[in-house]
Number of protein chains: 2
Amino acid sequence: MRKKTVEEYIETIDALERREGRAQTGMIAQEIAVRPPSVTEMLRKLEKGGLIEYKSYSGAILTPTGRRMACDLQKKHRIVASFLEMLGVDHDIAEADACQIEHHVSSETAERLRLFVEYLRNSPPGRGCTEHFERYCRERER
Amino acid sequence: MRKKTVEEYIETIDALERREGRAQTGMIAQEIAVRPPSVTEMLRKLEKGGLIEYKSYSGAILTPTGRRMACDLQKKHRIVASFLEMLGVDHDIAEADACQIEHHVSSETAERLRLFVEYLRNSPPGRGCTEHFERYCRERER
DNA sequence: GCATCCTTTTAGGTTTGCCTAAATGATCGG
DNA sequence: CCGATCATTTAGGCAAACCTAAAAGGATGC
């Protein structure tokens, strides 16, 4: 598989902290399909970058900075995934795409998209842009 | 800067072929801000992958496969960039984001987004979703 | 308290894309 | 045709993220 980025490690640690209460080397390794030694190495790097606290043999804990990064990514993920699903993209594909795109969308764009999703959600049922769009798609198919 | 991907090389070669008539090592190097030896190396790799034709000292020529990849990327780029601009994202940011996202959007999603952009463009002036959205944004700001 | 077992780290190696410096190929004026 | 010049390639290295195998740390049962 592809090389894992700092952001992927941070997301994984965040997920594990929430789900399991802590993020240990082996758990992280399993989660991102990498061997434990690679995780150890990366954890040191993340610590130097101020994203986690790390001591040998005691797992990783996100710092406030790290946590902020994780939240930001999760937020972007949700925005992108929601939008794609509203557009009619298949759930699994929307999720997979969002996993990638969350790492490449600027905050400005994400905020704008968030507003757009909110707007779509708030439009009255049967009158909203998504309904019109679906109709448009169906008609176009003839 | 970040490491250049196969796709970035292919896009650059395509652009140079169109703009300058050919894509030589030095031109490619300049374009993607990398030294010529790195380009030589990558060109060999691209050739092995069947994306370009390459002989020492004679530049690169996209194969049909390579050209298809370039077109696909360009199409995705345009779709994403148009959409973001329609959403009100600043032009430069939309472009920059599209440059990244084009490499991570699935064809399914891109096609769906293309339809959506088409739908937005075809909605009657003053009645379209984008106008409603803009109004929504303005109102929300109070 | 210690032996065992499991997890983690250390040590050493691979791959990939990039680099610089040096060598080679191509082209062009005379 | 020959040499100068410029572009390209070769040679040799570096860094990052990964790997395997072996060593070391920590926890648990007796």
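Note that this is a predicted model, so its numbers are computed, not measured. Residue numbering restarts at 1 for every chain, and letters A, B, ... go by the order of the sequence lines. Every heavy atom of this structure was used, including side-chain atoms; hydrogens, water molecules and symmetry mates were not.
Relative to the side chain of A/Val34, the nucleotides D/dT9, D/dC19, C/dT20 differ in distance, and D/dC19 lies closest. Considering only the side chain of A/Ser38, D/dC19 comes nearest among C/dT20, D/dC19, C/dG17. Distance from the side chain of A/Pro37 is smallest to D/dT20 among D/dT20, C/dT15, D/dT9. In this structure, of D/dT9, D/dC18, C/dC19, it is D/dC18 that holds the atom nearest to the side chain of A/Lys4. When each of D/dT10, D/dT9, D/dA17 is scored by its nearest atom to the side-chain atoms of B/Pro36, the top-ranked nucleotide is D/dT9. For B/Tyr54, the side-chain atoms get nearest to D/dT9 when compared with the rest of D/dT9, C/dC18, D/dT20. Distances were taken from every side-chain heavy atom of B/Arg44 (C-beta onward) to each of D/dT9, C/dT9, C/dT20; the shortest belongs to D/dT9. Side-chain proximity of B/Tyr57 to the nucleotides D/dC18, D/dA16, C/dT24 is greatest for C/dT24.
Residue-to-nucleotide proximity on DNA chain D shows that, of A/Ala33 and A/Ser56, the 5′-proximal contact is made by A/Ala33.
Separating the CD1 atom of B/Ile32 from the C1' atom of C/dC19 is a distance of 14 Å, rounded to the nearest angstrom. In this structure, B/Glu31 atom CD and D/dA7 atom C1' are separated by 17 Å, rounded to whole Å. For the pair B/Glu20 CD and D/dA7 P, the computed distance is 14 Å after rounding to whole Å. Note: CD (A/Glu7) to P (D/dA16) measures 18 Å, nearest angstrom. With rounding to whole Å, B/Glu47 atom CD is found 15 Å from D/dT9 atom C1'. The NZ atom of A/Lys3 sits 12 Å away from the P atom of C/dT15 (whole-angstrom rounding). The CD-P distance, from B/Gln30 to D/dC6, rounds to 15 Å in whole Å. Straight-line distance from the NZ atom of B/Lys45 to the P atom of C/dC18: 9 Å, rounded to whole Å.
Between A/Arg44 and A/Glu47 there is no salt bridge, since none of the side-chain N atoms of the basic residue sits less than 4.0 Å from a carboxylate O of the acidic one. Taking a cutoff of 4.0 Å between a charged side-chain nitrogen and a carboxylate oxygen, A/Glu141 and A/Arg138 do not qualify as a salt bridge. Salt-bridge formation is detected for the pair B/Glu118/A/Arg140: a Lys NZ or Arg NE/NH1/NH2 atom is positioned less than 4.0 Å from an Asp or Glu carboxylate oxygen. Salt-bridge formation is not detected for the pair A/Glu8/A/Lys3: no Lys NZ or Arg NE/NH1/NH2 atom is positioned less than 4.0 Å from an Asp or Glu carboxylate oxygen.
Residue-level contact check: A/Gln24 touches the backbone only, with heavy atoms under 4.0 Å from sugar-phosphate atoms and none from bases.
Using a 4.0 Å cut-off, no side-chain N or O of B/Tyr9 falls inside it from OP1 or OP2 of C/dT16. The phosphate of C/dT9 has OP1 or OP2 within less than 4.0 Å of a side-chain N or O from A/Thr25.
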Test log, rule side chain to side chain donor-acceptor pair (under 3.5 Å), inputs A/His77 and A/Glu95: CA-CA 8 Å; A/His77 179 98; A/Glu95 271 303 314; 2.8 Å; yes
